[in-house]
Amino acid sequence: MNVVIKLCDFSVRYPDNLTYSLNELVLTVEPGESVLVTGPSGSGKSTLALCITGFIPHAIYADIEGLITVNGVNPSDADVYDLAQFVGLVQQDPEGQFCTMRVKDEVAFGPENLLCSPTTILSRVNWALDAVGASHLKDRPLTHLSGGEKQRIALAAVLAMKPKLLILDEPTAHLDPQATGSLLKLLQDLQGRNDLSLIILEHKPWRFKDIATRVIELRDGAIAFDGPTCNVFPPKRAEQRKPRKYGRGSSELLLSVESLTQCYDKKTILHDIDFHVHNGEIVGIMGNNGSGKTTLLLSVMGLVRPERGKVWLRDKDISALPVSTRARDIGMTFQNPNHQLFADSVWREVVVGQLVRGTPEDGCRPHAEELLQTFGLLEFRDKHPLALSFGQKRRLNLAAVMASNPSLLLLDEPFIGQDRASAGNIILLLEEIASSEKGVVLVGHDPDLMAECCDRLLFMEDGEITIDTLTEEAFRELERRGEYDYLPSWWGA
């Protein structure tokens, strides 16, 4: 039986990089095998996926050394069309692989290019959307989807091509806990079909230990561990920092949102939202994909105009103020880090906001260098931002926003793409920011991380806030409602 993937002394180095992103890898994957690939942010996981699928070197140039074969051929020499019939990749950034404007067209795009018959195309589209629980999105424009919904459609588009090798890069990063459970069940169902091989790139490999037989850990581009998944465990609570002392915020009101209502295409997305944030408070927002979390942040920032409602910052009504004015006091990071990268170097990305406001570069330097050091990006200061890994881009977004020292931070999924150490560093920094009498509002799907950093939790359902209370009490209420997927892993232990 032919091996699916074979690497021998395989190395990859991007242009102008002194170090190798992958360094002398030796690896074999058999038909039907499910392999977890884990490791810190920037360890080479995504680069490995890009090489297997032929994106490197066909679409992204890099120096390649050693041997690589996929289904018996070298991806560098193979035609992209031939590779696409065998291997499918769901990227970490789902938008990065969209080719059309509407859900059904996106899922049909692959089978159409494989010259499938119209009947087959329709059948595959319906099957793939049903498999990922997205049949109700079939006629929706891609631009109207939430981050988690986009990730489901990206997976459906690849499944519709019926690959023999499926590569998933951080497949649960944008998914709410319920959607994550559905994805795990789907992958279990797919495993029994035609010797499908799976490669899952994941910062939290314990989520997939029951559907994978093997785990590979990458560090600095090399294989640090290759063995059975029985050695994979979630972090023990004893190894984590102690839970926060909830309710640290002062009595001074920083942000007030009153009766905020938002509609898209005659559909109400937010229903009379009311909430507040005090100085020194970290407020988390959780809820299913499409429940309105991102829209709420965009409305506070002024990037979308609500149908009605008010937004107050301290004692000032900012509802009619433009984004440029709000940005003097409010900093926001988007769900997709690529959406706010503008400069041609990491350094310029951090200082550009201050330079535009007239601050000399020498005046920016100390704080900018401190931020880059904090986020583990100082060594990449001269690198182009788009050459960073997804997790590194996310940290760069945070550094750039914090460079202007805003009074309020709005963070949409700040932990996406972060390994546990990087996520812990972000939490420490947010606590430091809050302790300086500033406010933080963050959207997140990881209950463990939200429990660790948030003073208060809002839970959203269908555009409404149904829970707004101290974090520990919010988890108790979620438990009473049977929302067990939203509870921290240690809850009840």
Side-chain angles (χ1 to χ4, degrees), residues 243-260 270 273-287 292-304 306 309-319 321 323-335 340 353 367 371 374 394 397-415 423 425-444 449-460 465 467-474:
R244 289 177 45 74
K245 293 181 178 179
Y246 304 116
R248 185 191 51 188
S250 73
S251 59
E252 185 176 351
L253 205 57
L254 175 62
L255 174 73
S256 292
V257 174
E258 302 173 357
S259 302
L260 196 69
L270 299 177
I273 295 291
D274 295 284
F275 81 99
H276 59 269
V277 179
H278 291 91
N279 285 337
E281 193 174 32
I282 302 176
V283 178
I285 306 177
M286 301 183 74
K293 303 183 298 297
T294 294
T295 299
L296 179 54
L297 295 191
L298 294 173
S299 299
V300 172
M301 192 69 208
L303 290 164
V304 295
K310 296 286 186 180
V311 178
W312 296 76
L313 189 64
R314 297 190 177 91
D315 57 352
K316 184 176 181 180
D317 183 357
I318 65 171
S319 306
L321 295 181
V323 177
S324 57
T325 303
R326 299 190 199 199
R328 296 171 186 169
D329 289 302
I330 304 175
M332 180 174 178
T333 62
F334 300 151
Q335 197 172 68
Q340 58 191 117
H367 188 40
L371 286 169
T374 298
R394 165 60 74 220
N397 292 158
L398 282 167
V401 165
M402 291 173 56
S404 61
N405 196 30
S407 300
L408 174 67
L409 278 177
L410 306 176
L411 309 179
D412 198 351
E413 297 283 4
F415 303 120
N425 288 338
I426 291 174
I427 290 173
L428 287 172
L429 191 59
L430 296 182
E431 291 182 335
E432 182 180 331
I433 291 168
S435 66
S436 63
E437 294 299 296
K438 300 180 187 299
V440 179
V441 180
L442 65 95
V443 169
L449 296 177
M450 299 298 274
E452 190 173 344
C453 73
C454 297
D455 297 295
R456 215 169 84 239
L457 275 183
L458 312 182
F459 191 79
M460 296 190 68
I465 294 176
I467 297 175
D468 180 356
T469 187
L470 297 180
T471 300
E472 189 170 355
E473 178 55 37

Taking [X] for the side chain and [Y] for the main chain, is one N or O donor matched with an acceptor at less than 3.5 Å?
X      : Y      : result
Arg326 : Ile318 : yes
Gln340 : Met332 : yes
Thr333 : Leu398 : no
Arg314 : Glu252 : no
Ser407 : Lys438 : no
Asp468 : Leu458 : no

Considering only heavy atoms from C-beta outward, does the side chain of [X] approach that of [Y] to under 4.5 Å?
X      : Y      : answer
Leu253 : Trp312 : no
Asp455 : His278 : no
Val304 : Ser299 : yes
Leu409 : Met402 : yes
Leu254 : Leu313 : yes
Leu429 : Asn425 : no
Phe415 : Ile426 : yes
Ile330 : Leu255 : no

Measure the [atom1]-[atom2] distance between [X] and [Y] for me, rounded to the nearest 0.5 Å.
X      : Y      : atom1 : atom2 : value
Gln335 : Leu411 : CD    : CG    : 12.5 Å
Asn405 : Ser436 : CG    : OG    : 7.0 Å
Leu430 : Ser435 : CG    : OG    : 10.5 Å
Lys316 : Thr325 : NZ    : OG1   : 7.5 Å
Leu297 : Leu410 : CG    : CG    : 5.5 Å
Leu442 : Ile282 : CG    : CD1   : 7.5 Å

Minimum-distance pair of heavy atoms, taken over all atoms of [X] and [Y]:
X      : Y      : answer
Val401 : Gly331 : CG1-CA, 3.4 Å
Asp317 : Val311 : OD1-O, 3.3 Å
Met460 : Ile465 : CG-CG1, 4.1 Å
Glu413 : Arg394 : O-NE, 3.2 Å
Ile285 : Lys293 : CG2-CG, 3.8 Å
Gly309 : Ser319 : O-OG, 4.1 Å

Subject >> Partners meeting salt bridge (Lys or Arg N to Asp or Glu O under 4.0 Å) with Asp274 (sequence neighbours left out) >> reply: none
**OP:** Would you please test Asp329 and Leu408 for side chain to side chain contact (heavy atoms under 4.5 Å, CB included) and show each step?
**Re:** CA-CA 6 Å; Asp329 289 302; Leu408 174 67; over 6 Å; no
Original post:
side-chain hydrogen bond (donor to acceptor under 3.5 Å, both in side chains) with Thr374: which residues, sequence neighbours excluded?
Top reply: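 None.
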Subject >> Glu473: side-chain hydrogen bond (donor to acceptor under 3.5 Å, both in side chains) partners, not counting sequence neighbours >> reply: Arg476, Arg480
Original post:
Would Thr471 and Met450 satisfy side chain to side chain contact (heavy atoms under 4.5 Å, CB included), going step by step from the backbone distance to the final call?
Top reply: CA-CA 8 Å; Thr471 300; Met450 299 298 274; over 6 Å; no
